Amino acid sequence: MQAEYRQRRQQLMESIGSGTGIFRSAPMAVMHSDVEYNFRQESDFFYLTGFNEPNAVAVLAPHHEEHQFVLFVQPKDPLMETWTGYRVGVDLAKEEYGADEVYPITELDEHLPQYLAGADRIYYHLGLDQPFNQTILKHWQRSLIMVRKNGIGPVALEDPMTVLHPQRLTKSEAELDLMRKAIDISAEAHNLAREIAQPGRYEYEIQAEMERLFRLRGGLGPAYPSIVAAGVNGCILHYTENTCQLQDQDLLLIDAGCSYQYYNADITRTFPVSGTFTAEQKALYELVLAAQEAAIAQVQPGNPYNAFHDAAVKVLTQGLVDLGLLKGEVDTLIEEEKYKPFYMHRTGHWLGLDVHDVGVYKQDKDTWQPLEAGHVVTVEPGIYIGPDIQLDEDQPEVPEKWRGIGIRIEDDVLLTKTGHEVLTAAVPKSVASMTH
């Protein structure tokens, strides 16, 4: 992978030209008292370095004569390593991560100025680490003094997301290999969940079996808090309590994905616990599936990002009219957003190193980002008819038989040069496959 990280850094350095990029590792996060969560590296930092320790800084200085890639890391410390795990240290970091120079993190103030001196701007994200923000601002202010004296130095501070995140948006083959692995593990877990779910079991039991598989197959664990939502719980978009018992007439909505070497899957399936849909459940399931198929058909290179959402909304709205749950002209209902009590979220998001991955959705106020080969999106329409759903006065009262039904179907889709590939196709979703 070191060749991959080197290529990423080179691409970014070509974009920043005479700038200096500074990237800070993620901090440790406290779970409670003096117990910390498992460490998860900051995604931009990891994307450029592959270095997976806290309290580190990466500097990219393409203008520097000797050191274009510099790391500041925690030095070796046998006592601390006994408590918190082994550190790579200064010497091995240079050898294993391809840095031109590596310093102890304690020497940042001493060495950083030489990598700012020849830059015309600093690329740094002002994040949540306020003390480090102040460190960078301090060095920038000192550099500005030198600019006034000799006319050379960084005169601007710019967020690197403007150049790095478009780069991250298009996935390399190495990234796609990791995403396919995360998806394969997730697909196996979803298929297992469908086999073991039955009335009397609890949501957390299904969650436990899926997440056991995530780890058993080499994943880091869940990519996000797993949603295992039976019955009316499926109407809560981010339901994560997972404490309820599955009942005979319930649908079970599972939104869960594995993280593998920091790359993520994001899959949702909804199926009847008993193996048989009620008439209302089947009608709504078929509608959501038709909306998803229409949306996936619009995932084509060159199409604007909003095309697949608009396709899903049109099918869902027409279907709700056909079922008597909405009334009026479909185009007018869409324009007035009358469908939103049933479908309140968008149809997908970018997927990659982050579950909601980086990348803009609109290039400006009126122009959506075009889809391109190498992009990966989720496609996830749904219908949620909560028990207390309220429509506008000009719309029908929702009959009781429809209330409490929540359905979402989500796949991960890769843009190819000629169309798309549904990466999550190994998880069935037809009506026939959802029943037994």
Side-chain angles (χ1 to χ4, degrees), residues 1-17 19-27 39-74 85-105 108 111-112 115 119 122-125 127 159-182 218-220 223 259-264 350-355 357-359 374-376 414:
M1 281 292 290
Q2 281 311 308
E4 173 84 5
Y5 294 121
R6 186 165 54 250
Q7 188 277 329
R8 294 174 186 175
R9 292 192 297 270
Q10 187 60 42
Q11 184 178 345
L12 179 61
M13 286 192 287
E14 289 173 3
S15 297
I16 67 176
T20 293
I22 303 173
F23 299 89
R24 175 68 160 161
S25 65
F39 179 68
R40 204 284 186 186
Q41 188 59 277
E42 197 279 328
S43 294
D44 285 343
F45 186 95
F46 187 80
Y47 177 83
L48 292 168
T49 68
F51 190 76
N52 202 30
E53 293 183 13
N55 200 19
V57 173
V59 176
L60 299 183
H63 52 82
H64 196 275
E65 290 185 1
E66 296 180 84
H67 308 149
Q68 284 81 49
F69 172 39
V70 179
L71 279 173
F72 293 85
V73 303
Q74 297 179 117
Y86 296 113
R87 297 175 180 178
V88 172
V90 172
D91 295 333
L92 270 181
K94 188 172 184 179
E95 176 183 337
E96 294 188 5
Y97 292 91
D100 299 314
E101 188 58 88
V102 181
Y103 303 103
I105 188 65
L108 179 75
H111 295 289
L112 184 58
Y115 301 111
I122 298 171
Y123 288 88
Y124 171 72
H125 174 66
D159 197 307
M161 72 176 184
T162 58
V163 286
L164 179 58
H165 290 181
Q167 178 179 324
R168 278 183 55 189
L169 185 57
T170 301
K171 305 301 182 283
S172 69
E173 287 303 319
E175 290 181 286
L176 290 173
D177 286 345
L178 296 175
M179 293 187 72
R180 289 180 193 278
K181 183 65 175 178
L220 296 172
S259 180
Y260 184 83
Q261 294 186 30
Y262 283 174
Y263 284 85
N264 303 293
W350 305 121
L351 181 69
L353 194 52
D354 294 309
V355 175
D357 207 26
V358 298
H375 292 173
V376 181
L414 167 67

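These numbers come from the heavy atoms of this one structure, side chains and all, not from hydrogens, waters or symmetry mates. All of these numbers come straight from a predicted model, not from anything done at the bench. Numbers here are sequence positions counted from 1.
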So does [Y] get a backbone contact from the side chain of [X], meaning a donor-acceptor N/O pair under 3.5 Å?
X     : Y      : value
Gln74 : Ile105 : no
Tyr47 : Leu164 : no
Ser25 : Asn55  : yes

Considering only heavy atoms from C-beta outward, does the side chain of [X] approach that of [Y] to under 4.5 Å?
X      : Y      : answer
Tyr123 : Leu60  : no
Val102 : Tyr97  : no
Val73  : Arg87  : no
Asn52  : Gln261 : no

Identify the heavy atoms of [X] and [Y] that sit nearest to each other, and give their distance.
X      : Y      : value
Val358 : Leu169 : O-CD1, 3.6 Å
Leu353 : Phe46  : CD1-CD2, 4.3 Å
Val90  : Pro104 : CG2-N, 3.8 Å
Gly352 : Asn264 : O-ND2, 3.0 Å
Ala26  : Phe39  : O-CE1, 3.2 Å
Ala99  : Lys94  : O-CG, 3.3 Å

[X]: which residues meet the ring-ring contact (aromatic ring centres under 6.0 Å, His included) condition with it, sequence neighbours left out?
X      : result
Tyr103 : Phe72, His111
Tyr263 : none
His125 : none

Just how far is it from atom [atom1] of [X] to atom [atom2] of [Y], taken to the nearest 0.5 Å?
X      : Y      : atom1 : atom2 : answer
Lys181 : Tyr260 : NZ    : OH    : 5.5 Å
Gln41  : Thr49  : CD    : OG1   : 6.0 Å
Glu42  : Asp354 : CD    : CG    : 8.0 Å
Glu173 : Glu175 : CD    : CD    : 10.0 Å
Met13  : Leu48  : CE    : CG    : 9.5 Å

Apply side chain to side chain contact (heavy atoms under 4.5 Å, CB included) to Ser15 and list each qualifying residue two or more places apart in sequence or on a separate chain.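 Checked Ser15 against side chain to side chain contact (heavy atoms under 4.5 Å, CB included); matches are Val163.
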
Restricting to side chain to side chain contact (heavy atoms under 4.5 Å, CB included), what partner residues turn up for Thr20, sequence neighbours left out?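 Partners of Thr20 by the side chain to side chain contact (heavy atoms under 4.5 Å, CB included) criterion, ordered by chain and then number, come out as Ile22, Val59, Ala61, His63, Leu116, Ala119.
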
side-chain contact (heavy atoms from CB on, under 4.5 Å), that's the test. Do Glu96 and Phe51 meet it? Break it down for me. CA-CA 9 Å; Glu96 294 188 5; Phe51 190 76; over 6 Å; no

Parallel, tilted or perpendicular for Trp350 and His375, by the 30°/60° rule?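 Ring orientation of Trp350 relative to His375: perpendicular.
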
Sort and list the pairs that fulfil salt bridge (Lys or Arg N to Asp or Glu O under 4.0 Å) and have at least one residue in residues 43-71, not counting sequence neighbours.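 Sorted pair list: Asp44-Arg168.
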
Are there more than 12 heavy atoms of other residues, nucleotides or ligands under 6.0 Å from atom CG of Asp91?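 Open.
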
Under the side chain to side chain donor-acceptor pair (under 3.5 Å) test against Glu4, which residue among Arg8, Gln7, Gln2 passes?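 Exactly one pass, corresponding to Arg8.
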
